[in-house]
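The structure under discussion appears below in the form of structure tokens.
Predicted, not measured: the structure shown is a model, and the values here were computed from it.
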Amino acid sequence: MSVLQTVKDVLRASTESADRGEGTGTASKGAYWCDDCDERIRDVDADGDGPPACPTCGETMRFERSPSSTGCAC
């Protein structure tokens with residue numbers, strides 16, 4: 001196997017999966033944000049059904065979706 005083929009394989013593998021999380025298989029649809037504190041919590045990491053409270057200031061966080069085509073809520 002050539003070095004060029006190895007590089008191609010690595011680049012191809014890094015772009016194949018839309019799941020950029022910890023490999024849980026749960027696709028994120030967005031993230032909760034606290035604009036005052038710049039805190040971010042992915043929706044799949046938030047506890048409960050509603051918006052979580054900001055861990056820094058305690059205010060309710062807002063949900064924001066990402067238009068990303070990779071499925072990542074980054």
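Counting all heavy atoms, side chain and backbone alike, Ser28 lies closest to Asp43 at OG-OD1, 2.6 Å. Of all heavy-atom pairs spanning Met61 and Tyr32, the tightest one is CE-O, 3.5 Å. Closest approach of Ala53 to Gly58, counting heavy atoms only: CB-O, 3.6 Å.
With values rounded to the nearest 0.5 angstrom, Arg40 atom CZ is found 14.0 Å from Cys34 atom SG. Note that NZ of Lys29 is 11.5 Å distant from CZ of Arg42, once rounded to the nearest 0.5 Å.
Contact check for Ile41 versus Pro55: side-chain heavy atoms found under the 4.5 Å cut-off.
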